[in-house]
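Presented below is the structure to which this report refers.
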Amino acid sequence: MSMRDLSTETRPWWRGAVIYQIYPRSFADSNGDGVGDLPGITARLDHVAALGVDAVWISPFFTSPMRDFGYDIADFCGVDPVFGTLDDFDALIERAHALGLKVLIDQVYSHSSDQHPWFQESRTSRTNARADWYVWADAKPDGSPPNNWQSVFGGPAWTWDARRGQYYLHNFLREQPDLNFHNPEVQAATLATAKFWLDRGVDGFRLDAINFTMHDPELRDNPPAPDTGAPRTRPFDFQQHVFNQSHADIPLLLEKLRALADRYPGRFTVAEVGGPSPEAEMHLFTAGDTRLNSAYGFNFLYADRLTPALVRDAVAEWPDTPGTGWPSWAFENHDAPRALSRWVAPEHRAAFAAMKMLLLLSLRGNAILYYGEELGLTQVDIAYEDLQDPEAIANWPLTLSRDGARTPMPWVADAPNAGFSAARPWLPVGPDHTALAADVQAGDPSSLLRLTQRLVALRRAHPALVEGSMEVLHADAALLVFARTLGEARIVCAFNFSDMPVALPAGLIDAAAVVEALNGATADSLPGFAALLAR
């Protein structure tokens with residue numbers, strides 16, 4: 001039996017997986033209303049399968065008033081009509097599985113919509129059956145909020161409700177009241193919604209803002225944050241978030257979720273963990289075999305530069321030691337600006353995009369690709385009158401809009417709206433995105449799309465890249481070299497992060513052992529943004 005066969009048989013499918021994130025509003029519109037939907041995704045799954053990825057992660061499509069575009073959920077077990085129906089979701093699952101793709105969906109446990117029946121009942125009185133399902137507190141004697149906690153989206157994290165004569169907590173929008181996960185009934189109800197989707201065939205969950213799930217029951221004030229000199233555009237930025245989130249009982253909740261997921265073979269759970277130093281919580285949430293399978297943070301998502309030191313320090317947090325969880329990595333997502341607009345000058349985007357893709361697919365951990373990343377999409381500058389993102393509208397012009405990374409997927413260069421929709425899209429198509437359309441790149445052997453397909457296949461062909469250990473051999477201002485090792489298989493990976501050539505140490509790479517060379521790389525030298533992998 002070959003090492004590849006042994007690896008495939010013994011590892012879970014998700015360990016080392018490549019996962020493709022779809023933002024459903026922006027992927028493909030099937031019914032001509034300008035908004036992407038589930039049937040649109042289903043119709044375009046062949047594109048995803050052709051990349052060679054293992055799974056799709058679909059951002060929220062649940063019933064919602066859309067104050068935060070699906071992250072304010074009014075029915076955790078429903079599909080919003082703008083996206084389709086439960087039957088459409090079942091069809092998506094069936095088609096994905098037929099193509100060999102796993103399907104992951106979001107679970108948003110921190111909060112619900114204020115239109116959710118649970119909250120509608122909870123706010124009616126202090127004695128109803130769901131009175132303690134949300135976080136309610138009395139005003140201070142002067143009528144001010146219970147403490148100094150601030151919302152991520154700006155302003156106090158408390159809103160007065162005259163029905164109860166109390167404030168309710170919302171770490172995000174006022175339309176997103178926080179569920180009280182210290183209440184066992186809330187935990188049970190939420191786990192029941194997870195079971196609903198597992199029974200429908202989903203292969204796992206991405207857990208949104210999981211460190212916001214539980215708060216300090218004593219409602220103590222957060223301490224002020226030291227001034228680091230970084231811009232502070234929200235009151236939220238002025239505090240250390242010690243008490244409004246990250247309660248010590250969150251791992252116990254995650255153990256209940258993992259126990260449920262383990263009743264369904266092959267299911268996968270990954271947490272999003274935000275904050276300036278999320279690694280401790282990421283390890284806590286993934287420790288051992290009874291919590292989540294993986295976690296990802298914002299190491300790269302908000303970084304204004306990609307450097308060897310950034311990569312070295314990020315991977316150092318995830319040693320290959322017993323009991324340490326398995327990392328996931330994302331360079332882009334629906335909350336962060338497109339990486340090519342953050343990390344490289346326009347004249348170097350093509351070369352950098354190729355290097356960046358190989359880097360992501362060479363790191364130890366799961367690789368999460370954001371829709372359009374395989375096309376090299378850039379951040380779109382959205383005019384104020386076109387903004388949809390509530391955070392960007394509230395803090396304009398000082399907060400970079402998340403809308404710029406949520407623009408329509410360009411499918412067909414010469415079709416109206418780049419083939420995304422027959423109608424005017426909910427956000428404008430990026431002015432430079434039509435030239436990057438999937439149909440153009442599919443026909444160009446030198447395109448980033450075709451390269452992505454080849455690099456995903458390369459990763460799959462080398463188990464050391466999928467699940468091998470990782471050792472950083474060299475990291476300076478421009479050059480990063482690391483080794484991926486599994487058994488006797490060892491692959492050395494070298495990347496030039498600069499636009500100037502760098503020499504490789506003599507004897508480091510055998511020219512006869514090269515398995516991938518990008519942007520003119522040789523065993524002796526890496527031109528600007530070049531990369532090399534060798535046995």
Side-chain angles (χ1 to χ4, degrees), residues 21-29 33-37 40-41 57-62 64-73 80 82-83 106 108 113 151-154 172-176 208-209 231 233-234 236 272 274 298 300-304 330-343 346 368-411 416-421 423-434 436-437:
Q21 181 193 354
I22 293 174
Y23 191 72
R25 296 185 70 87
S26 302
F27 197 61
D29 171 24
D33 65 357
V35 178
D37 46 45
I41 294 172
W57 151 31
I58 305 174
S59 293
F61 51 83
F62 312 106
S64 170
M66 300 294 169
R67 298 304 298 265
D68 191 24
F69 294 100
Y71 287 89
D72 52 322
I73 297 173
D80 194 90
V82 75
F83 297 126
D106 265 12
V108 186
S113 164
S151 161
V152 171
F153 290 160
F172 297 91
L173 295 175
R174 61 185 297 172
E175 294 88 0
Q176 294 171 297
D208 180 72
T233 61
R234 311 163 297 176
F236 185 82
E272 174 202 46
F298 290 75
F300 301 107
L301 291 172
Y302 290 143
D304 57 5
F331 289 168
E332 302 182 4
N333 79 359
H334 60 288
D335 283 333
R338 293 280 186 179
L340 293 183
S341 297
R342 281 183 285 135
W343 287 347
I368 303 177
L369 287 173
Y370 185 48
Y371 84 95
E373 192 170 356
E374 76 278 19
L375 304 180
L377 297 191
T378 53
Q379 182 80 1
V380 180
D381 186 14
I382 305 294
Y384 179 78
E385 57 269 23
D386 292 326
L387 284 178
Q388 306 288 334
D389 176 11
E391 181 184 8
I393 293 170
N395 296 308
W396 190 86
L398 296 178
T399 296
L400 183 64
S401 168
R402 295 177 298 173
D403 291 335
R406 299 176 176 181
T407 56
M409 178 79 166
W411 292 106
N417 305 309
F420 165 76
S421 175
R424 180 183 178 181
W426 76 289
L427 285 172
V429 175
D432 61 334
H433 288 185
T434 300
L436 300 171

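Predicted, not measured: the structure shown is a model, and the values here were computed from it.
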- Determine the interplanar angle of the F331 and W343 rings, folded into 0 to 90°, and report it as parallel if under 30°, tilted if 30 to 60°, perpendicular if over 60°. perpendicular
- Counting heavy atoms not belonging to D432, are there more than 12 under 6.0 Å from its CG? yes
- Message: According to salt bridge (charged side-chain N to carboxylate O under 4.0 Å, His left out), who are the partners of R338, at least two apart in sequence or on a separate chain?
- Response: E332
- Task: Could you check Y71 against H334 for side chain to side chain contact (heavy atoms under 4.5 Å, CB included), going step by step and ending with a plain yes or no?
- Result: CA-CA 12 Å; Y71 287 89; H334 60 288; 2.9 Å; yes
- Message: The test is side chain to side chain contact (heavy atoms under 4.5 Å, CB included); show your working for N333 and I368 and say whether it passes.
- Response: CA-CA 9 Å; N333 79 359; I368 303 177; over 6 Å; no
- Query: Taking it one step at a time, do D208 and E272 satisfy side chain to side chain contact (heavy atoms under 4.5 Å, CB included)?
  - Reply: CA-CA 5 Å; D208 180 72; E272 174 202 46; 3.2 Å; yes
- Task: For residues P24 and S59, report the shortest heavy-atom separation together with the two atoms involved.
- Result: CG-O, 3.4 Å
- Message: Counting C-beta onward and ignoring hydrogens, is there a side-chain heavy-atom pair between D68 and F153 closer than 4.5 Å?
- Response: yes
- List in chain and number order the residues that pass salt bridge (charged side-chain N to carboxylate O under 4.0 Å, His left out) with D335, two or more places apart in sequence or in another chain; answer none if no residue qualifies. R402, R406
- Query: What do the steps show when you test L427 against R25 for side chain to side chain contact (heavy atoms under 4.5 Å, CB included), and what is the final call?
  - Reply: CA-CA 9 Å; L427 285 172; R25 296 185 70 87; over 6 Å; no
- Query: For V380 and G430, which heavy atoms make the closest approach, and how far apart are they?
  - Reply: CG2-CA, 3.5 Å
- Item | Any side-chain heavy-atom pair of P408 and N417 under 4.5 Å | no
- Note on the structure: So CD1 of I41 and OH of Y371: to nearest 0.5 Å the spacing works out to 11.0 Å
- By side chain to side chain donor-acceptor pair (under 3.5 Å), S26 pairs with (sequence neighbours left out) W426
